[in-house]
Amino acid sequence: MSDQKTPNNQSNSRSKNDRYDPKTIEPKWQKRWEEEGLYRTVEDPERTKWYALTMLPYPSGDLHTGHWYAMTPSDAAARWRRMSGFNVFFPIGFDAFGLPAENAAIKHNIHPKIWTYRNIERMRGQLKQMGAMWAWDREVITCDPGYYQWTQWFFLKFYDAGLAYRERAPVDWCPSCNTTLAREQVWGEERRCERCGTPVIKKELDQWKFRITKYADELLEGLDKLDWPEPVKIMQRNWIGRSEGAEVTFTTEDGDPIVVFTTRPDTLWGATFMVLAPEHPLVDKVTTPEHRAEVEAYKAEAARKDEIARTAADKEKTGVFTGGYAINPVNGERIPIWIADYVMMTYGTGAIMAVPAHDQRDFEFAKKYGLEIRRVIAGPDGDTGPLEEAYPAKEGFMINSGPFDGTPLPEAIDKVIEWLEKTGKGRRAVQYRLRDWLISRQRMWGAPIPIIYCPKCGTVPVPYEDLPVRLPDDAEFRPTGESPLKYHEGFRHVKCPKCGGDAERETDTMDTFVDSSWYQYAYISPYWKAGEPLSPDDLPWEKAKGDYWLPVDQYTGGIEHATMHLLYTRFFTKAMRDLGLVDFDEPMLRLYNQGMILGPDGEKMSKSRGNVVNPDEYVAKYGADTVRGYLMFIGPWDQGGPWDPSAIEGVHRFLYRVWSVVVDEPKPELVAAEPSPEEVRALERKLHQTIIKVTEDIAGFRFNTMVAALMEFNNALIKAKETPVVGSPIWEQAIRTLVLLMAPTFTHISEELWHRLGNEESVHLQAWPQADPEKAKEEAVTVVVQVNGRVRDKLVVEPNVSRDVLKEMALASPNVQKWIDGKQVRKVIVVPGRLVNVVVG
RNA sequence: GGGUCGGUGGCGGAACGGCAGACGCGGCGGACUUAAAAUCCGCUGGGGGAAACCCCGUGUGGGUUCGAAUCCCACCCGACCUACCA
């Protein structure tokens, strides 16, 4: 610590009657910080940047405990970085498009825009109460035209690059409301419409998609380089779902090819039937007249069931025989073709070869319908006996497989693929579970897709200079929930930019995940070129600023975004790189997922359960610092936990005691007295130990033990204050250090105390205390002496006492003697500075 | 069905091969007070003992080790995510 303290004039500013009053000091400092622009962001090439980002909130209208739990520790970590010398960017904004605004519009007949901005207004006030270092000068609101002009600009860039395309795809449709539904509007196992309760059906509509699958491999491989939590990486890997295998071409008896994908080409000789998805295009053709009625019935049922319950995955498998047969290319066998809804049209080719002996689903299906089960893989021990269940393991060797008999697994898979390619029967292939990203929403409150349909010119993108395609302010909201854009004549009718003739706008808007896929870039220069004509050569932010801040160094947020948002924003960044907008591959280098804060009953907070904790109430009662500290103290940040209304008192009492330690006058007779060197040394040691502990903990997001260390230090100070140490320089250094160490977490009280200690400049601009490891060292350590692993004595010695001396001391101890008496000492384990274990027997 | 995280006092949790229970809540006892609240001080895993001390304890059962809450194997329970992926 470099600053020199001036103990004499400090004590003058302290007064006995001055109690800790968060109600006064918190608004006072929030106002001062804002006036002085303490958290204004400045690009400073002289300093190392740190871009700290926390997931932006949806403006639902009220800041809840979950927001506090997600944001305040994130703020503390960012503040610590700042005090440690980084130039920190910690922006905030609102993810302001989306369904709730539209529901409110219908329910209360209020325009979503008005509802949204009103909520933002309210939440801004609540966010400011947190005492966080938000860069309000860079705030963005995704529903602002100055923001969504760029969302639309990205769409056009993607369209130009072939990354955005239109295709027929099924959507959830409520036949009663006569409208499409978003995924979150479909409720429960029964998949009913949230508004009217009618079972939802699927309907095919033309939909816009982003070609995220182009980056499937890169999204997978990029994970290895990221400092992200392993569970998120695993979820993304599973979501992308890369699997390697082969495509093999079967043929119908009419000679139509049916391509199947399999990860187990080594089991081709065990294919005893084939299954098509009910929607497969060849179903009608292979079905024989005598099976037609049954097949049609099953198709109709499957079409409905597909809607009702994908969730019923564990239900018994069903299917019907089509009457048709296919020829297995590897052995020329004629096998029956079935249709079954356990085969999905959306994965692979929509057709599978069924190998009941080696696939559990096929096995169950074959058992139920009496189809042949032919074992083609012997167990490693040579077992070729009949199977009670499928044998899916990739070990053993091939049997009943003609030329391949005896080929051992797992090499057999590669050998068969090579043979398939040589003979033209199939080829090596990779499949992904990942689908292209469907971004069309038949909704009004989203960024309009900037496309025009012209009867003459076809699909025409809106010219860049005509952006933004603005949402109308006068749309009418019908209780049916239909998109008002479709019925807004002024919006829909437009002149074709190419031929000038009458044309129509696309009325779908974009998925809100599109807005949040690039918001970390928008923060760089909010509303950059808002209202100006754009061109494809533009950059959506000021280049120099972007070069300085990007990419994000630390991202924090909930794990619920593991597969959607976090995959989409990675895709965006990779696409942006290929468009020449950025020169890096990944948007967020580090990620940390906080857990979920639960109600006092240990259950998820929900209005229906009545266990919702309103943070404003506690802020009003204890102040923001207590709420911040309590949320960090509750337990490990990544684990979350229940809100305990009585435990918060502990943190409040701690702050009260800190106040009194720093502010209250020490006893004059103690100040005048001379402390012993031991007393001084003990406080100095604790001081440096605390700096080390707090620094390590805040760096590692271990806020709970960080707060505990601060409490411990304060407890030590309370004791020291009753000794002559209060008159020594070490005391002044200790309370200064306590205030500095508390600053990232308890932002207001530390600022107030810092000023009361006689400082002019904000505590948040101070350098983080540096520990001296020498001064943190213990002079004496307790060495535990065990006999056969049980503690029998303790030795207090200097840390560097040698093994031999420790051994001697341990054996000389009367307590130890008692336990080894009459027994033979077989071994003595000595861990210097820690323990001695005497093994007798 | 698959995946991930977790199971430690009355409660939240700490320790993550070396003194189990830091820190906090709650509880008990004491000080202050006419009294209460607040505040301050002390004690607080269970059992035995007058005490020194001793025994038992980290979901269950095994294993590795001088030594296991911690590492390995099997199982039980809970939370979250995901779901017929060929």
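Keep in mind that what you see is a predicted model, and the values were worked out from it rather than measured. Each chain gets a letter, A, B and so on, in the order the sequences are listed, and its residues count up from 1.
- In this structure, a donor-acceptor pair under 3.5 Å is absent between the side chains of A:Asn593 and A:Asp638.
- B:rG45 sits 15 Å from B:rG24 when the P atoms are compared, rounded to a whole Å.
- OP1 and OP2 of B:rG12 both lie 4.0 Å or more from every side-chain N or O belonging to A:Trp643.
- Comparing B:rA86, B:rG3, B:rG24 by their nearest atom to the side chain of A:Met711 picks out B:rG24.
- Closest contact between the side chain of A:Phe633 and the listed nucleotides B:rC66, B:rA86, B:rG24 involves B:rG24.
- Using modelled atom types and a 3.5 Å distance limit, the side chains of A:Tyr342 and A:Arg361 yield no donor-acceptor pair.
- A:Ser646 and A:Asp644 form a side-chain donor-acceptor contact under 3.5 Å, judged by distance and modelled atom types alone.
- Between A:Arg264 and A:Asp266 there is a salt bridge, since at least one side-chain N of the basic residue sits less than 4.0 Å from a carboxylate O of the acidic one.
- Within 4.0 Å (heavy atoms only), A:Thr782 reaches at least one base atom of the nucleic acid.
- What separates CG of A:Asn715 from P of B:rC41 is a distance of 9 Å, to the nearest Å.
- Taking only side-chain nitrogens and oxygens, A:Asn593 never comes nearer than 4.0 Å to OP1 or OP2 of B:rC80.
- For A:Glu649 and B:rC11, the CD to P distance is 21 Å, given to the nearest whole Å.
- Relative to the side chain of A:Ile718, the nucleotides B:rC41, B:rC84, B:rC19 differ in distance, and B:rC41 lies closest.
- Remark: P of B:rA79 and CG of A:Asp638 are 19 Å apart, rounded to the nearest angstrom.
- Among the nucleotides B:rG12, B:rC40, B:rG3, the one closest to any side-chain atom of A:Ile634 is B:rG12.
- Looking only at atom types and distance, the side chain of A:Thr318 has a donor-acceptor partner in the side chain of A:Tyr298 under 3.5 Å away.
- Distances shorter than 4.0 Å separate none of the side-chain N or O atoms of A:Thr563 from OP1 or OP2 on B:rU82.
- Here the separation of B:rG29 from B:rG78, taken at their C1' atoms, is 38 Å to the nearest Å.
- At B:rC56, one or more side-chain N or O atoms of A:Arg790 fall inside 4.0 Å of OP1 or OP2 (strictly under the cut-off).
- Across all strands, A:Arg657 comes closer than 4.0 Å only to sugar-phosphate atoms, never to a base (heavy-atom distances).
- Distance, A:His358 NE2 to B:rA86 C1': 15 Å, rounded to whole Å.
- The nucleotide whose nearest atom lies closest to any side-chain atom of A:Tyr347 is, among B:rC84, B:rC85, B:rG3, B:rC85.
- Between A:Asn788 and B:rG67 there is no side-chain N or O to OP1 or OP2 distance below 4.0 Å.
- Checking B:rC84, B:rC25, B:rC55 against the side-chain heavy atoms of A:Ser646 singles out B:rC25 as nearest.
- Rounded to an integer number of Å, the gap from A:Met345 CE to B:rA86 P is 16 Å.
- A:Arg653 has a side-chain polar atom (N or O) that falls below the 4.0 Å cut-off from OP1 or OP2 of B:rC25.
- Under 4.0 angstrom from either OP1 or OP2 of B:rC66 there lies at least one side-chain N or O belonging to A:Lys827.
- Heavy atoms of A:Val707 sit nowhere under 4.0 angstrom from any nucleic acid atom.
- Residue-level contact check: A:Val784 touches the bases, meaning some heavy atom is under 4.0 Å from a base atom.
- In this structure, of B:rA83, B:rA20, B:rG3, it is B:rA20 that holds the atom nearest to the side chain of A:Val791.
- Across B:rG47 and B:rG10, the matching P atoms stand 10 Å from one another, rounded to whole Å.
- The residue A:Met235 sits close only to the backbone: its heavy atoms come under 4.0 Å of sugar-phosphate atoms, none of a base.
- The glycosidic torsion of B:rG9 lies within 90° of 0, which places this base in the syn conformation.
- In this model, the phosphate group of B:rC54 is approached by a side-chain N or O of A:Arg792 to a distance below 4.0 Å at OP1 or OP2.
- Of the listed residues (A:Gln817, A:Gln824, A:Lys818), just one forms a side-chain contact (heavy atoms from CB on, under 4.5 Å) with A:Ile820, and that residue is A:Gln817.
- At the heavy-atom level, A:Ile829 lies under 4.0 Å from base atoms of the strands shown.
- For A:Arg834, the listed nucleotide lying nearest its side chain is B:rG18; candidates were B:rC23, B:rC25, B:rG18.
- Using P as the reference atom, B:rU39 and B:rC25 are 10 Å apart when rounded to the nearest Å.
- Counting heavy atoms of neighbouring residues, nucleotides and ligands inside a 6.0 Å radius, atom CD of A:Glu798 does not exceed 12 of them.
- Figure legend. B:rG6 is base-paired to B:rC77; pairs are counted as Watson-Crick or G-U wobble with both atom distances under 3.5 Å.
- Checking A:Pro636 against A:Gln786, the closest nucleotide of RNA chain B that is more toward the 5' end is the one next to A:Pro636.
- Side-chain polar atoms of A:Glu244 and A:Gln431 form no donor-acceptor pair below 3.5 angstrom.
- A salt bridge links A:Asp414 with A:Arg428: at least one charged nitrogen is closer than 4.0 Å to a carboxylate oxygen.
- Here, B:rU58 and B:rG17 have their C1' atoms 15 Å apart, quoted to the whole Å.
- Rounding to whole angstrom units, CZ of residue A:Arg702 and P of B:rG13 are separated by 17 Å.
- For the pair A:Ile559 CD1 and B:rG3 P, the computed distance is 16 Å after rounding to whole Å.
- Residue A:Gln689 contributes atom CD, which lies 13 Å from atom C1' of B:rA22 at whole-angstrom precision.
- A sub-4.0 Å separation between OP1 or OP2 of B:rC85 and a side-chain N or O of A:Arg361 is present.
- The separation of B:rG7 from B:rG13, taken at their P atoms, amounts to 9 Å, rounded to a whole angstrom.
- Straight-line distance between the P atoms of B:rU34 and B:rA20: roughly 47 Å, to the nearest whole Å.
- The gap from the C1' atom of B:rU8 to that of B:rG46 amounts to 14 Å, rounded to the nearest Å.
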